[in-house]
Structures are given as structure tokens and as C-alpha cells.
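Starting from 1, each residue takes its place in the sequence as its number.
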Amino acid sequence: GVGFSELDGHLMSSFPPGMAFLALPFYLPFVASGLTDEMTIRIIAKFAASVITSFSAVFIYLMLRQKLKSSKAKFLSLLYGVGTTSYAISSQDLWQHGGTTLFLSIFLYLLFRSGQEPKLLGYSGLALGLAAAIRYPAAVLFPPFILYVYSKERRQLPRFVAVTAAPLVLAFALNYM
């Protein structure tokens, strides 16, 4: 079928499960109340995508505020929001783009904050892992950031690796249930 493939007798989704879990809080109230007509589902998808994309811009702003004045951070965040594909594509529907950029922006924010709070470096990997659980190719970022953590704060490396890998392990496990 469309969006599914079979491997070793298991039916697997062709898409990672991360975006579905991210969108779940938006859909749950409507599904629970029986509002599942096509128009409602489309509106929820558009709204959820817009909120997710907006939060990515918020975390870009918070990251930039670590190094820039508020006015410059606001301008660059606005530029990110409307001058990239974030607004044009990611905010339009529940594609993988929006969730991936949300978690990558959270990751970058935590990475910048780890200069003041080194413990955040270890935990930042969770956001990177969640980005990859939404869009598997984001995992290409794992090796360079593992090396970065190793060079910056070696004690945080086991935590970083564990929390980075956890969302992907869960995503892959879902395909074998």
C-alpha cells in the first residue's frame, strides 16, 4: 500500500513516527469528540503545522538571544520565519519539515545555553534524536555533534549519546511491533 512496505513479514510505515506523535495533542480533542470529517482534519493539520513552525522561530530567537541584542535576534528570527521555507512550506501542512526544524532549533538553543549550563549539552541530544525520529536523514548530524560534545565536555558524552539514540530506537521498535 501507499506509505507502507513489508520487511521480514512486518508491515512498516515508509515514514518515521515522530511527526504523528508531535501532532497527537492537536488531534486528540477532536478525535475524542468525534469530529473527524475531512475538513476538520485538514484544518487541524494546518493549525498544528503553523504552531510547530512558530515554535521553531521562538527557539531560533532564544538561541540568538544568547549572543545578540534583542532587536537583532528578533529581526533574524523573523527573517528565518518568513525568509526561509519555514513559513512557505513547513507551516502549511504536517510534513516532516516543521517538526524537524522545531527540534533542530531546540537543539541549537540548548547547545548555545550549554556554555552557561554544561549539563544541557548532554540533554541537548534528545532534541537532536527527536528531529531524526521525525526525519531519519537528520541523523547525519549525529557524528559531528558527538565529536563536538567529546571535545567540549567529555563527561556529558554518555548522556548525549543515550538521549540522542533513544528516540530513534523507539521509532525503529515501532516498526517491529
Side-chain angles (χ1 to χ4, degrees), residues 1-34 36 41-42 44-56 58-59 63 85-86 89-111 113-114 118-177:
V2 176
F4 294 95
S5 57
E6 192 173 325
L7 179 68
D8 297 330
H10 293 278
L11 194 59
M12 297 174 49
S13 173
S14 301
F15 302 100
M19 199 63 192
F21 286 111
L22 186 57
L24 191 60
F26 294 96
Y27 282 97
L28 211 51
F30 294 92
V31 171
S33 62
T36 57
I41 296 299
R42 286 181 181 272
I44 296 167
K46 180 108 171 144
F47 176 73
S50 297
V51 169
I52 290 165
T53 301
S54 297
F55 273 109
S56 75
V58 167
F59 279 97
M63 175 199 64
T85 59
S86 285
I89 294 176
S90 300
S91 71
Q92 302 304 307
D93 209 343
L94 283 175
W95 294 301
Q96 298 169 349
H97 308 73
T100 303
T101 56
L102 169 62
F103 285 113
L104 288 177
S105 64
I106 292 170
F107 170 69
L108 290 172
Y109 165 70
L110 292 172
L111 204 63
R113 283 293 311 265
S114 70
K119 227 191 260 190
L120 289 177
L121 190 56
Y123 293 114
S124 69
L126 180 60
L128 186 58
L130 288 167
I134 291 173
R135 189 167 178 86
Y136 293 147
V140 74
L141 298 172
F142 290 5
F145 282 108
I146 287 171
L147 290 173
Y148 175 80
V149 172
Y150 179 79
S151 71
K152 282 301 239 189
E153 191 70 37
R154 200 165 288 162
R155 291 176 296 146
Q156 295 296 323
L157 187 62
R159 179 180 293 134
F160 182 84
V161 170
V163 300
T164 302
L168 274 181
V169 169
L170 291 172
F172 291 145
L174 281 173
N175 276 326
Y176 286 100
M177 295 180 117

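The side chain to side chain contact (heavy atoms under 4.5 Å, CB included) check on L130 picks up F103, L126, P167, with sequence neighbours excluded. By the side chain to side chain contact (heavy atoms under 4.5 Å, CB included) test, F59 is found to be paired with L62, L102, S105, I106, Y109, residues two or more places apart in sequence or in another chain being considered. The side chain to side chain contact (heavy atoms under 4.5 Å, CB included) test applied to L174 returns P17, F21, M177, not counting sequence neighbours. Here Y27 pairs with nothing under the ring pair (Phe, Tyr, Trp, His ring centres under 6.0 Å) rule; sequence neighbours left out. The side chain to side chain contact (heavy atoms under 4.5 Å, CB included) check on S86 picks up T53, Y80, T84, with sequence neighbours excluded. Under the ring pair (Phe, Tyr, Trp, His ring centres under 6.0 Å) criterion, F172 pairs with Y136, sequence neighbours left out.
Considering only heavy atoms from C-beta on, V149 stays 4.5 Å or farther from V161 through its side chain.
Taking all atoms of both residues into account, the shortest heavy-atom contact from F107 to A127 is N-CB, 3.7 Å. Between S90 and A49, the shortest heavy-atom contact is O-CB, 3.5 Å. Residues I89 and W95 share a closest heavy-atom pair of O-CZ3, 3.2 Å. Heavy-atom minimum distance, L168 versus A132: CD2-O, 3.6 Å. Across all non-hydrogen atoms, the minimal contact from A138 to T100 is CB-CG2, 4.3 Å. Between R113 and L120, the shortest heavy-atom contact is CB-CD1, 3.6 Å.
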Please tabulate, for side-chain N and O atoms in residues 141-148, each donor-acceptor pair with protein atoms closer than 3.5 Å (sequence neighbours left out).
none

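Y123 contributes atom OH, which lies 11.5 Å from atom CG of L110 (distance to the nearest 0.5 angstrom). With values rounded to the nearest 0.5 angstrom, S114 atom OG is found 13.5 Å from K119 atom NZ.
Residue pairs meeting the salt bridge (Lys or Arg N to Asp or Glu O under 4.0 Å) criterion with at least one partner in residues 145-167, sequence neighbours excluded, are E153-R155. A salt bridge (Lys or Arg N to Asp or Glu O under 4.0 Å) check over residues 121-146, counting only residues at least two apart or in different chains, returns nothing.
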* side-chain contact (heavy atoms from CB on, under 4.5 Å) between I52 and L94, worked out -> CA-CA 9 Å; I52 290 165; L94 283 175; 4.2 Å; yes
